[in-house]
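No hydrogens, no waters, no symmetry mates; every other heavy atom, side chains included, goes into these values.
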Amino acid sequence: FDGDGMVLSFSFDQGHVWFKNKFVRTKGFVDEQAAGRPVHRTAFTRGAADGSLLFNPFDFTLKNVANTGVLHWGGRLLALYESGLPHELNPATLETVGESTLGGQLATPVLAAHYRVMPGQQQKQQQQQDWHSSSSSSSNGAAAGRTWVGFSF
């Protein structure tokens, strides 16, 4: 559960299969590669990330490992984690573009990583977006232009 996210792709061309994979280059991944050791706590870290005796027991900051799900949504490829923003990836190269708020659409610093795409909902969401764009705010106080996507658990 704590490992850094890695995405992979298969492509097919003229009877051949091509494979590529890349680690999602989150801030935590880049920091730890540069340090050559763990430096950030993850969900199951006990004590200091690097195993040393000294640590701040009140630091509840967790590394976004972007390892829970991958979603192609709205023309973007996203690597997801339960307690952080999604990381946008280049679909052709799998290079990490960076953390994404989906163009300012996320009102919270977290996007659930266990999603469901519901067939037939795209038209409904477009109608909701048109409605939000044409009014100054919705009944729940959401800013104009935002599209609320429900997640089913």
Check residues 26-37 and write down every donor-acceptor pair under 3.5 Å in which the side-chain atom is one partner and the other belongs to a residue at least two apart or another chain.
from, atom 1, to, atom 2, distance (Å)
Thr26, OG1, Phe29, N, 3.1
Thr26, OG1, Asn64, O, 3.4
Lys27, NZ, Asp31, OD2, 2.6
Asp31, OD2, His40, NE2, 2.8
Glu32, OE1, Lys63, NZ, 2.6
Glu32, OE2, Val39, N, 3.0
Glu32, OE2, His40, N, 3.0
Arg37, NH1, Asp50, OD2, 3.0

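Side-chain heavy-atom separations under 4.5 angstrom define the hydrophobic clusters, and the remaining members of the one that includes Tyr81 are Val65. Leu77 forms part of a hydrophobic cluster together with Val7, Val24, Val70, Leu89, Leu94, judged by ILVMFWY side-chain heavy-atom separations under 4.5 Å.
Distance check, rounded to the nearest 0.5 Å: CG of Asn67 to CG of Asp2 gives 8.0 Å. The CG atom of Leu102 lies 8.5 Å from the CG atom of Leu85; values are rounded to the nearest 0.5 Å. Distance check, rounded to the nearest 0.5 Å: OG of Ser100 to CZ of Arg76 gives 4.5 Å. The CG atom of Leu62 lies 6.0 Å from the CZ atom of Arg41; values are rounded to the nearest 0.5 Å. Atom CG of Asp59 and atom OG1 of Thr61 lie 4.0 Å apart (nearest 0.5 Å).
The shortest non-hydrogen separation linking Pro38 to Ala49 is CB-O, 3.4 Å.
Evaluation of the salt bridge (Lys or Arg N to Asp or Glu O under 4.0 Å) rule for Lys20 yields no partner, not counting sequence neighbours. Under the ring pair (Phe, Tyr, Trp, His ring centres under 6.0 Å) criterion, Phe44 pairs with Phe1, sequence neighbours left out. Residues that satisfy the ring pair (Phe, Tyr, Trp, His ring centres under 6.0 Å) test with Phe19, not counting sequence neighbours, are Phe10.
Contact of the Leu71 side chain with the Pro86 side chain is not registered, since no non-hydrogen atoms from C-beta on lie closer than 4.5 Å.
Judged by distance alone, the side chain of Thr96 and the main-chain N or O of Gly98 form no donor-acceptor pair under 3.5 Å. Listed for the Asn90 side chain is a donor-acceptor partner under 3.5 Å among the backbone atoms of Thr93.
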